Protein chains: 2
Amino acid sequence: MTAPARIDRRQRRRLETIEEIVDVAVEVMTEHGVGGLSLGEVARRMGMRTPSLYVYFDSKNAVYDAVFARGWRSAYETTGALHLDVEGTVRRPAQLEPYLLLVSRTFVRWTIENPAHAQLMMWRPVPGYEPSADAFAAAVDALEAARSMFVRLRDLDLLRSDVALDEMVQTWTVITTGVMTRQLANAPQESFDEGRVTATLPALVAMFVAHYRHSGSPTKGKK
Amino acid sequence: MTAPARIDRRQRRRLETIEEIVDVAVEVMTEHGVGGLSLGEVARRMGMRTPSLYVYFDSKNAVYDAVFARGWRSAYETTGALHLDVEGTVRRPAQLEPYLLLVSRTFVRWTIENPAHAQLMMWRPVPGYEPSADAFAAAVDALEAARSMFVRLRDLDLLRSDVALDEMVQTWTVITTGVMTRQLANAPQESFDEGRVTATLPALVAMFVAHYRHSGSPTKGKK
DNA sequence: GTCTATATGACGATAGAC
DNA sequence: GTCTATCGTCATATAGAC
């Protein structure tokens, strides 16, 4: 039975080529902007001709789709790791604010360090491209992870239970997306650590925590 | 002296044509996405040939630049009107939170109703385009207006004076930009009034006010 | 001054030879 | 699987008609 093995080897090679195409595409997007992706440039860097890429991807948008899905999976893995400890059991944060600050910093840092992925994921920079159902599922998974984080924090009595979870998830994503957007749009050359926008994360998380923490009544609260 | 009059008429016609080109360009950007602007499409809709547009604009990026500058001027006029009363004297808001909610709602509403302008202004959707010094000045004016609003509110003892103004301006723009970004990226077809993201503005402004208002000590405040 | 005709080079994409 | 050849479209540039 050598036939299956040969097929496996072929498929492995094919997958490696696909991975390399995506890598080079991200490289080009990082240099020339997300909308500046050119299949000709990708082929040139890989030592091929443009039409050869069509063996692996049906269209330019299919390449964008792979970057989109890969981005959400990577962000999910990076940020989601904070929600679980090594054994995989649910983590019990001692204090709410330091925990949420760590989560937001981890996510925003990922977006600043992966600007091509992040812009494709958070903005709509490419006319005509919309994520496929498969790619969108990766985004939904990541949002669901954030949502279940808030469920967990609420069950631990760290967050108010009189506010709709949707509102917390929405305001949370507005804050993280807002920081990422202003940092990448206004000063894309600044790193996460030296960013003047990323530096406001502690203040923004403090506002969020004051508003939604369980203990006190944050605003207009009838004490 | 008929010559100057004829020149005036010509210049007026020229300015009208320029305005029309920008109008049609915004129309195309709204339909096909900001990066989907095609000078050929603009010329087609105006009943001209593409090269004729180059009489009025040096390049495609010059058209983007006009849209960028026009957008910031329009946003400035729309939002800045709230800061002054009819006579032009400084307005004295009775309550901080309703006032800031009105300002943020007015600004974000403008971005949702002018998505092409807003995306060009707040994101970086067009590879190779960077605003010229002139166009950038319009953006600086608008940001300065926001900053002076906070100066005024602080002088009126409505905002804390122990926090750097820069931080307030930064967190404020993060919130407004974040709402605009998530609404336009995730549900661009929803109007401002029916938007599920824009609906979180009251909660976000409440957080902001609780954190920065003068009276109480919002978080970790030593009472 | 205003527009058209024409040309160039890059792009995404397809067809077909090897 | 990779190539050459080709198509249509795009931004852009130049030359010249009116």
Side-chain angles (χ1 to χ4, degrees), chain A residues 3 6-22 24-25 27-29 31-67 120 125-130 132, chain B residues 2-22 24-29 31-67 120 125-130 132:
Chain A
R6 185 182 291 170
I7 288 174
D8 282 355
R9 223 177 308 147
R10 266 193 212 151
Q11 284 201 341
R12 200 180 315 124
R13 233 190 105 72
R14 184 184 166 81
L15 289 178
E16 281 171 8
T17 307
I18 288 177
E19 287 299 295
E20 192 186 343
I21 291 172
V22 176
V24 175
E27 198 180 293
V28 174
M29 288 161 69
E31 288 175 34
H32 295 87
V34 177
L37 173 61
S38 147
L39 294 188
E41 182 64 24
V42 172
R44 213 169 293 126
R45 296 188 186 196
M46 293 186 68
M48 327 174 114
R49 305 290 172 173
T50 312
S52 303
L53 295 177
Y54 283 80
V55 174
Y56 305 96
F57 288 95
D58 285 342
S59 67
K60 189 180 174 179
N61 279 350
V63 179
Y64 277 127
D65 219 41
V67 175
L120 186 65
V126 182
Y129 167 65
E130 287 208 36
S132 64
Chain B
T2 58
R6 186 182 291 168
I7 288 173
D8 282 354
R9 223 176 306 147
R10 269 193 207 149
Q11 284 201 341
R12 200 179 314 125
R13 232 190 105 71
R14 184 182 166 82
L15 289 177
E16 282 171 9
T17 306
I18 288 177
E19 288 298 296
E20 193 186 342
I21 291 172
V22 176
V24 175
V26 170
E27 198 180 294
V28 174
M29 288 161 70
E31 288 174 33
H32 296 89
V34 176
L37 173 60
S38 148
L39 294 189
E41 181 65 24
V42 172
R44 213 170 292 125
R45 295 188 187 196
M46 292 185 68
M48 335 172 112
R49 306 289 172 174
T50 311
S52 303
L53 295 176
Y54 283 80
V55 173
Y56 305 95
F57 287 96
D58 285 342
S59 67
K60 190 181 176 180
N61 279 351
V63 179
Y64 278 127
D65 219 41
V67 174
L120 186 65
V126 182
Y129 167 66
E130 287 208 36
S132 65

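By convention in this document, chain letters (A, B, ...) are assigned in the order of the sequence lines, proteins followed by strands, and residues within each chain are numbered from 1. What you see is a predicted model, and the numbers here were worked out from it, not measured in a lab.
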> NA contact type, B/Arg13, heavy-atom cut-off 4.0 Å: base, sugar-phosphate, or nothing?
Replying inline: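 B/Arg13: no heavy atom of the nucleic acid under 4.0 Å.
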>> Under 4.0 Å, heavy atoms only, any strand: does A/Tyr56 hit a base, just the sugar-phosphate, or nothing?
In response: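 The answer is sugar-phosphate, as A/Tyr56 gets under 4.0 Å only of primed atoms, P, OP1 or OP2.
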>> Using the ring pair (Phe, Tyr, Trp, His ring centres under 6.0 Å) criterion, which residues pair with B/Phe57? Sequence neighbours excluded.
In response: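 Residues passing ring pair (Phe, Tyr, Trp, His ring centres under 6.0 Å) with B/Phe57: none at all.
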> In chain order, what residues pass the ring pair (Phe, Tyr, Trp, His ring centres under 6.0 Å) check against A/Tyr56, with sequence neighbours excluded?
Replying inline: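 So A/Tyr56 forms no ring pair (Phe, Tyr, Trp, His ring centres under 6.0 Å) with any residue.
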> Taking atom CG of B/Leu53 and atom CE of B/Met46, what is their separation to the nearest 0.5 Å?
Replying inline: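 Between atom CG of B/Leu53 and atom CE of B/Met46 there are 7.0 Å.
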>> Could you work out, with side chain to side chain contact (heavy atoms under 4.5 Å, CB included) as the rule, every residue matching A/Glu19, not counting sequence neighbours?
In response: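 Once residues adjacent in sequence are excluded, the partners of A/Glu19 under the side chain to side chain contact (heavy atoms under 4.5 Å, CB included) criterion are A/Arg70.
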>> I'd like to check the salt bridge (Lys or Arg N to Asp or Glu O under 4.0 Å) partners of A/Glu130; sequence neighbours left out, ordered by chain and number.
In response: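 Salt bridge (Lys or Arg N to Asp or Glu O under 4.0 Å) check on A/Glu130 returns nothing, list empty.
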> Who passes salt bridge (Lys or Arg N to Asp or Glu O under 4.0 Å) against A/Arg45, sequence neighbours left out?
Replying inline: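 Applying salt bridge (Lys or Arg N to Asp or Glu O under 4.0 Å) to A/Arg45 gives A/Glu27, A/Glu31, A/Glu41.
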>> Under the rule for side chain to side chain donor-acceptor pair (under 3.5 Å), what residues qualify as partners of A/Thr17, not counting sequence neighbours?
In response: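 Partners of A/Thr17 by the side chain to side chain donor-acceptor pair (under 3.5 Å) criterion come out as none, since no residue qualifies.
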Mind listing the N/O atom pairs, protein and nucleotides 4-7 of chain D, below 3.5 Å?
unit_1 : atom_1 : unit_2  : atom_2 : d
D/dT4  : OP2    : A/Arg49 : NE     : 3.4

> Given atom CZ of A/Arg9 and atom C1' of D/dG1, what is their separation to the nearest angstrom?
Replying inline: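 Distance check: A/Arg9 CZ to D/dG1 C1' gives 17 Å.
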> Is the phosphate of D/dG1, meaning OP1 or OP2, less than 4.0 Å from a side-chain N or O of A/Arg10?
Replying inline: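 Indeed not, no polar side-chain atom of A/Arg10 lies that close.
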>> Any residue in residues 59-67 of chain B with a heavy atom nearer than 4.0 angstrom to DNA chain C? Just list them by number, or reply none.
In response: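 Listed by number, there are none.
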> Do any of residues 31-43 of chain B sit with a heavy atom less than 4.0 Å from DNA chain D, and if so which?
Replying inline: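 Here the set is B/Leu37, B/Ser38, B/Leu39, B/Gly40.
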